[in-house]
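Here's the structure we're looking at; comments come further down.
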There are 2 protein chains.
Amino acid sequence: MTRKRFDEMGCCVASALNEVGDWWSLLIVKQAMLGTRRYVDFQNSLGIAKNILCNRLSRLVENGVMVRVDVGEHGKRYEYRLTDKGRDLFTVVTALRQWSERWNGAQDSMKLVDRQTGEPLAPVTVQNQQGQPLTVRDVRFVDENGKPFEEAG
Amino acid sequence: MTRKRFDEMGCCVASALNEVGDWWSLLIVKQAMLGTRRYVDFQNSLGIAKNILCNRLSRLVENGVMVRVDVGEHGKRYEYRLTDKGRDLFTVVTALRQWSERWNGAQDSMKLVDRQTGEPLAPVTVQNQQGQPLTVRDVRFVDENGKPFEEAG
DNA sequence: CCACAATGGTTGCAAAACGAAACCAAATAA
DNA sequence: TTATTTGGTTTCGTTTTGCAACCATTGTGG
């Protein structure tokens, strides 16, 4: 009775969640985006149990989200760094952050600003090719043949 | 030894994950965005255990992501619908979907298109006020006072 | 060089969450 | 009226989580 596998549900969202959909993984990724690289620093900043951290880091490395780099003079000192795939989760993490700020109020001491201008970021939105923002009501789900998706039931 | 609580970590991302950060919640939200509303349809389309589904729907309702609407003629028939807060997760779900398509290949039979034009959506990106896309390297984390955040360690 | 702390784990245990299946009552359809 | 659908709850065995203890290297201060 293992946890349900999401990677074979034929759904992109499911297979994304299969990689980073647990309680800790995205928090680890977010922390890495803040600059954290060392095992101990992840542990202290997140307050995560060591065995869970170990397990999550391994899974993130397995899935190509992070890499373990040997930085010891004679081995046995490591850094965990985001890969391109991991850094590409920036959109997801930022969207989550803004969603939480918008609906739960900003209980975060940290703010994200444009490095160049120091201005706050624009809200992350889904857009069409012309850059117009789209809500879920402005899109359609179609199958390979372009036919509109019909909900069973 | 309860599951670690994320809502008091003083981090927006953490408190977002506290609401929708488990394996199933975002999948339920995604399914609701496809049009699913009924308990049984969620169960069949996701293949989730009934007790877990029940628990997750309750939590989503508690957190204001969905509402339970009575649609029975004499009660006892319900629909679960997204609230504005729930619909606002569209960005997160779409970013996850695109991330997975980009890095794991598209194993999804479903495509998202602009309802008006039928064109595929633009990639979700983080942007500055001028609409320029930003990567994680183009942003800075600052505290309330505007001082740059320094990583401990 | 030696003692001591830090790093990056692993192991064992108890509590909690999960998954599957059985069961159940109300509402609806045949 | 009987059967089926809906929306659950209960039970039970397995897995995951959190905590603390332990351990082998690796660095550091003297």
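Chain A is the first sequence line, chain B the second, and so forth, proteins listed ahead of strands; every chain is numbered from 1. The basis for the numbers below is simple: all heavy atoms, side chains too, and nothing from hydrogens, waters or symmetry mates.
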Under 4.0 Å: is that the gap between some side-chain N or O of [X] and OP1 or OP2 of [N]?
X	N	value
B:W24	C:dG19	yes
A:R38	D:dT26	no
A:R68	C:dG9	yes
B:Y78	C:dA26	no

[X] [atom1] - [N] [atom2] separation (whole Å):
X	N	atom1	atom2	result
A:E79	C:dA6	CD	C1'	16 Å
B:W23	C:dG19	CH2	P	11 Å
B:I52	D:dG7	CD1	P	18 Å
B:K50	C:dA22	NZ	C1'	10 Å
B:D70	C:dA27	CG	C1'	11 Å

>> Between B:R77 and A:Y80, which residue's closest nucleotide on DNA chain C lies nearer the 5′ terminus?
In response: A:Y80
> Under 4.0 angstrom, heavy atoms only, what part of the nucleic acid is B:F42 near: base, sugar-phosphate, or nothing?
Replying inline: nothing
>> Quick check for you: among C:dG9, D:dG7, D:dT26, whose closest atom lies nearest to any side-chain atom of B:Y39?
In response: D:dG7
>> Starting the side chain at C-beta, find the nucleotide from C:dT10, C:dA26, D:dT10 nearest to B:N51.
In response: D:dT10
>> Between A:E19 and A:K85, does any NZ, NE, NH1 or NH2 come within less than 4.0 Å of an OD or OE carboxylate oxygen?
In response: yes
> Can a donor-acceptor pair be found between the side chains of B:N18 and B:S15 at a distance below 3.5 Å?
Replying inline: no
> Centre of A:Y78's six-membered ring, under 6.0 Å away, within 45 degrees of the axis: is that where NZ or CZ of A:R81 sits?
Replying inline: no
>> Please verify the inter-ring angle class for B:Y39 with B:Y80; under 30° counts as parallel, over 60° as perpendicular, anything in between as tilted.
In response: tilted
